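Comments concern the structure below.
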Amino acid sequence: MGDKKPDRSAVPDAEIVKLVVDGEIDAFDELVRRTRRPAYRLARRITRNHEDADDVVQDSYVKAYRALPRFDPSRAFQPWFLTIVARSALSQIRQRARRATVPLDEPGPDGTNLADRLSEGALDVAAKQRLLDAEEALSKLSDEHRAILSLRVEGDLPYSEIASALEIPVGTVMSRLARAREALLEEVEKLRAERFRRPS
Amino acid sequence: MTNERIHPPSEDLFAYRDGELTPEKRAAIEAHVMGCSVCRSLIDQVSSLEAELRQSPDVAPAGYLDHLHEAVRAKVAVAASEGGVEEKKAPPREKVPPRLGTVVGAARDEDEGPRRERGRIKEAPSLPWAAVIGTASAAAAVLVVVVILIKQGPYQKILLPTPKGATVTTAPARQESLVGGERAVGGANVDLKEREAAKKEVAGTKVAIGAGAATSGTTAPEQVAPKPFANLNPAESPTEEKQDEALKDKLAKRADEIVAQPAPSAAGNQAEADLMDAKTRMQQRAASPRAFADEQLAPGPAYDAILKRYNLPPLWAPRVSTEALANAESELRNLYVSGNAGTDSARVRLYIAEAVRLRYSPGDAPLYDEIVHHYRRVIEMSAPDSEMRRVAEERLRSLER
């Protein structure tokens, strides 16, 4: 009676989608639970700020909910959903470029930055530095390169899904991803070289 | 003459690494990579960097994912009330005309878009307009009722704790209450039978509440408390108004009795709390029905602390001191960005819009866009007939470009 919700953690995506399409919107909770973390990480990587990422993810869930009848039940929900997140995030950063300023664009939304968070973990100094370099290098890439790399890294999406998310041919995904990876390596090299010249 | 090897393009190397090559090409690249340390190194470096990025700790503020979940829940509930999911792929559905505006608009964003759009656009001219108008009217009626339900339904839990024993009504159940043409007042929170029973009591057929669970212990709290504020819709019919007036009096009387009782039994606590809550809400609603949707929410602790620190009301109003607003801006921003604003998010954002507006002068395009963005989000986040939405819409209209 009352509030107790059925445990759907073992129910396949396709069955949950069917429940939602048939009117049981509470079942949508389970899809949110399964995907909210990668969705936020992807949106955050592309938009580079918490506020926009939050807007993007919330809107993406509403879009996904409305479009559920078009979801192919033979596929997993997450990759399909992440393509929606990616498109929304790209649309958001295009609008943001038009706005010229980024509202609330502050990294480290709760006052901590990545280095603070890493200090809580068990990584050794060298591993932490590598991770910081990787993050900083990614943040220096163009929006286009950052988006395609984020889709690959956070979504682990195959090229065909990335092509769908970015609305480009698969061949373009191959070449753009390669350029993005080369640019990432180059940025990391620059950071390391700079540190080598200016030891702390 | 050098002995330099010709390396495959990096696209092919990375596609090999990602498992995206055809078997033939894969075999060719593999043969090269096995014997080429340069290409292996390139692949390894990229793999290592990407692995590091994957391991990167979450940057979401603590508790954000739960906050996100709640926000999504509320938004999906609104989406459900506005028409739910798109139509399925045209099964034989008794020629119900598609909802052109929403369906075509939504299809633009998603995959399959162009093909679906073309198909639907072709369908449009043959629509029977009488049916379209009829459907639109019905949809509008459904929207109005469902919005009322949503305000009090399970998705309202983030805004308003559901009373103990309340029935969670899902979408099909809501539709059911519409079938008979009844105004489904409070249908999401109150079981229809319970509601009928409450009305009978009010008509004098039985007195249960006055000698209810708290004193006799013979009646279960769920039976005693008919979730009364579920009945408080100002658009009730005259008969219902009379009944609710009587119910209101009765609840008020009962609440006074409860206040007078020294130590209510544990079993009756929840029912009594519901009754007291109902009385307070009735008074609030009678005082300002329009503001009820927003004002019913007590500010969360973090928001409340900022309001108190700067002497601000829960909802921005023109009387707010510009100095206090300017001083509070950074704390309000931090609260919003931290993800801990929760159900105060829209109110916080309205304040932020107003704070930015203090610095704005016409012609400043970036600030104009930022302010508009905030107002629009407030409008999206707030209930359709709420005071907050009205304020945000008015402020947006009055913003000079």
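Keep in mind that what you see is a predicted model, and the values were worked out from it rather than measured. The figures that follow rest on heavy atoms only: side chains count, while hydrogens, waters and symmetry mates do not. Just so it is clear: chains get the letters A, B, ... in the order the sequence lines come, proteins before strands, and each one is counted from 1.
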Checklist entry - With a 4.5 Å heavy-atom cut-off, do B/R349 and A/E51 have their side chains touching? => result yes
Item to check | Side-chain touch B/Q45/A/L184, heavy atoms, less than 4.5 angstrom | outcome: no
Checklist entry - Given a strict heavy-atom distance threshold of 4.5 Å, which part of A/R41 is in contact with chain B: side chain, backbone, both, or neither? => result side chain
Next on the checklist: If we ignore hydrogens and angles and just use 3.5 Å, is the side chain of B/R73 paired with the main-chain N or O of A/D29 as donor and acceptor?
Outcome noted: no
Checklist entry - Any luck finding a side-chain donor-acceptor pair between A/R33 and B/H69 under 3.5 Å? => result no
Checklist entry - Can B/S48 and A/R130 be said to form a side chain to side chain donor-acceptor pair (under 3.5 Å), step by step? => result CA-CA 10 Å; B/S48 157; A/R130 281 200 305 275; 5.4 Å; no
Item to check | Toward chain B, the part of A/E189 with a non-hydrogen atom under 4.5 Å | outcome: side chain
Checklist outcome for this item: The side-chain contact (heavy atoms from CB on, under 4.5 Å) partners of B/L358 (sequence neighbours excluded) come to B/T322, B/L325, B/A326
Item to check | Closest-packed option against chain B by number of heavy-atom pairs under 4.5 Å, given A/P158, A/A134, A/A53 | outcome: A/A134
Item to check | Side chain A/R181, main chain B/I43, donor-acceptor under 3.5 Å | outcome: no
Next on the checklist: Looking at A/Y159, is its backbone amide N or carbonyl O close enough to the side chain of B/E20 to form a donor-acceptor pair, meaning the two atoms are under 3.5 Å apart?
Outcome noted: yes
Next on the checklist: Using side-chain heavy atoms (C-beta onward) and a distance below 4.5 Å, is A/M174 in contact with B/D12?
Outcome noted: yes
Checklist entry - Does A/L149 reach the side chain of B/L53, with side-chain heavy atoms less than 4.5 Å apart? => result no
Next on the checklist: Under a 4.0 Å threshold between the charged nitrogen and the carboxylate oxygen, would A/R179 count as salt-bridged to B/E11?
Outcome noted: yes
